[in-house]
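For reference, the structure discussed in these notes is given below.
Keep in mind that what you see is a predicted model, and the values were worked out from it rather than measured. When reading the values below, keep in mind they use all heavy atoms of this one structure, side chains included, and skip hydrogens, waters and symmetry mates. Letters go in sequence order (proteins before strands), and every chain restarts at 1.
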Amino acid sequence: MLRVELWDILFILINLIVLYAVMRLVLIKPIRKVIEQRQAIIDKGLRHAKNSEENARALENLWNEKIASVEEKSADMIAQARKNAQIEYDKMIGNANSEAAGIVERARKSMDLEKDKAISELQSQIADIAIDATKKVLENSDLSSIDNSLYEKFLTKSGDADDSDSH
Amino acid sequence: MGEIIAEELEVTTAFTIPIFGGIPVTETVVVMWIVMAVMIVGAFLVTRNFTVTNCSKRQLAVEAGYTWLNNFFEGIVGEHGKRYVPYLITVIIFIAISNVFGVFGVKPPTKDVSLTAVLAICSIVLVQYASIRARGVKGWIKSFAAPTPVVTPINILELGIKPLSLCMRLFGNVLGAFVIMKLIECVVPVFLPAFVSLYLDIFDGCIQAYVFTFLTALYIQEAVE
């Protein structure tokens, strides 16, 4: 039962070494190989995901910087446009004011001319009326004694009176 | 009954190789060859057509079993003892199958003290190799005086005690299970042996394989830490 044979020990030792070598080759190596390959794929995927994430973060930062720069630029552009618009507005208002002043001035001159013209026409009409009235008076009465000097005097007086009213 | 059991316990010579005056080959060696053949063919069959993706259920089961054993032993031996895990996996499978072989009516090879002795010697040689590799020859020699020089004789004695305890524990358990099974078969030859065999051959056989490799892994961990 407890007999130990030298050959037995030797055979068992050789068997055990052979078994370990073969099992390592047939069982452990293929399983490890597959697990390592799968791990490599997983690691590669994780690395790829990490790189993608880093790239995405870099792009996000770049876009944020660009957006900030664009916003700043657009604010500057809006401010400049407002400034330009204000200048243009002021210029247009100035032009309109000066044009309006010119129109008013021209209208006033035109009115003055019309007034002068109306006064002249009125004077000539009054003179005609006076002549007609004088004629009628002379025709209906004996006023032959009245000489032409009186007549002229009347005319001069009525003309002076009209001129003083117009000024 | 006693004669039958004594006959069953005797390790007989299966055949003799007719060289050097006749080399005896015991039945233990022959059964070990059968166990080896079963293991190698089984390993070859289960690892066939392994793929990285779209794995079969067989592959997943094999990988799960291997990963469980690998993690179990790596957890004991630690990072520095990782290289010895394949040996431990091989030995645990071998001892488990050898112990379970009794179910098929074959004398389990672990019933022979020669086999358990070789397993124990291999374990202790591996432990000392791991210690020398991890600490160097000087560190290995110094380790006998650790933690204090007073325990040096005990540490030297452990070189023999550890493999002896490994060897005798496995041998004693398998032998005990074998003797009990034979006694039960003699008393109640039908029905009962089937149930007792489930415990003694399969459960106890696997437990002994676990204990043997667990202790070897612990010794390796002590050696490489």
Side-chain angles (χ1 to χ4, degrees), chain A residues 1-70, chain B residues 6 8-11 13 16-17 20 22-26 28-30 32-33 35-37 39-53 55 59 62-63 65-67 69-70 85-91 93-94 109 111-119 121-122 168 171 175:
Chain A
M1 188 169 67
L2 281 172
R3 190 183 57 163
V4 177
E5 294 277 350
L6 183 66
W7 285 111
D8 217 17
I9 296 279
L10 192 67
F11 279 130
I12 292 167
L13 186 65
I14 292 167
N15 283 351
L16 199 63
I17 292 167
V18 170
L19 179 66
Y20 169 63
V22 176
M23 285 297 279
R24 198 183 164 96
L25 198 73
V26 177
L27 182 72
I28 292 164
K29 201 175 170 186
I31 298 174
R32 274 194 174 175
K33 192 179 165 188
V34 167
I35 291 172
E36 278 167 9
Q37 282 175 344
R38 192 177 297 127
Q39 191 61 45
I41 290 172
I42 292 166
D43 289 345
K44 193 180 168 187
L46 286 173
R47 271 200 306 276
H48 183 69
K50 197 180 172 187
N51 288 341
S52 298
E53 193 185 346
E54 281 172 3
N55 286 343
R57 284 223 174 116
L59 276 174
E60 190 189 1
N61 290 338
L62 190 70
W63 279 110
N64 284 339
E65 282 172 13
K66 276 189 177 175
I67 285 167
S69 143
V70 165
Chain B
E8 287 287 342
L9 290 176
E10 195 64 38
V11 178
T13 303
T16 308
I17 301 169
F20 303 120
I23 300 169
V25 178
T26 57
T28 304
V29 176
V30 175
M32 192 180 177
W33 284 340
V35 173
M36 283 170 68
M39 281 176 70
I40 291 165
V41 173
F44 179 74
L45 290 175
V46 296
T47 56
R48 263 188 327 158
N49 306 324
F50 264 23
T51 52
V52 178
T53 52
C55 314
Q59 182 181 343
V62 172
E63 280 187 31
Y66 171 81
T67 309
L69 282 174
N70 192 62
V85 170
Y87 171 78
L88 294 167
I89 290 174
T90 306
V91 169
I93 296 170
F94 171 71
K111 182 183 71 62
D112 188 353
V113 74
S114 302
L115 190 136
T116 57
V118 171
L119 282 171
I121 289 164
C122 284
M168 287 305 171
F171 170 70
L175 183 73

Q) Say you draw a straight line from CG of A/Leu27 to OG1 of B/Thr90; how long is it, rounded to the nearest 0.5 Å? A) 7.5 Å

Q.
What's the separation between atom CE in A/Met23 and atom CD1 in B/Ile89, rounded to the nearest 0.5 Å?
A. 9.5 Å

Q. What parts of residues 10-20 of chain A touch chain B if we use heavy atoms and a cut-off under 4.5 Å?
A. A/Phe11, A/Ile12, A/Leu13, A/Asn15, A/Leu16, A/Val18, A/Leu19, A/Tyr20

Q. Chain A heavy atoms under 4.5 Å from B/Thr67: which part of the residue, side chain, backbone, both or neither?
A. side chain

**Q.** With sequence neighbours excluded, residues passing side chain to side chain contact (heavy atoms under 4.5 Å, CB included) with B/Ala117
**A.** B/Cys167

(Q) Restricting to non-hydrogen atoms, name the atom on B/Pro24 and the atom on A/Trp7 that form the minimum distance, rounded to 0.1 Å. (A) CD-CD1, 3.9 Å

Q. Among residues 47-59 of chain A, which ones touch chain B with a heavy-atom distance under 4.5 Å?
A. none

Q.
In the structure I gave you, are the side-chain heavy atoms of B/Met39 and A/Val26 within less than 4.5 Å of one another anywhere?
A. no

(Q) Less than 4.5 Å apart, side chain to side chain, heavy atoms only: is that true for A/Asp8 and B/Asp112? (A) yes

Q: Pick one of side chain, backbone, both or neither for B/Tyr87, based on which atoms fall under 4.5 Å of a heavy atom in chain A.
A: both

Q.
Less than 4.5 Å to any heavy atom of chain A: does that hold for the side chain of B/Val35, its backbone, both, or neither?
A. neither

(Q) I need the contact set between residues 34-45 of chain A and chain B: heavy-atom distance under 4.5 Å, sorted by residue number. (A) A/Val34, A/Ile35, A/Gln37, A/Arg38, A/Ile41

Q. Between B/Leu69 and chain A, which part of the residue has a heavy atom less than 4.5 Å away: side chain, backbone, both or neither?
A. neither

**Q.** For B/Ser114 against A/Ile9, the heavy-atom pair lying closest together
**A.** O-CD1, 3.9 Å

Q. Given a strict heavy-atom distance threshold of 4.5 Å, which part of B/Ile121 is in contact with chain A: side chain, backbone, both, or neither?
A. neither

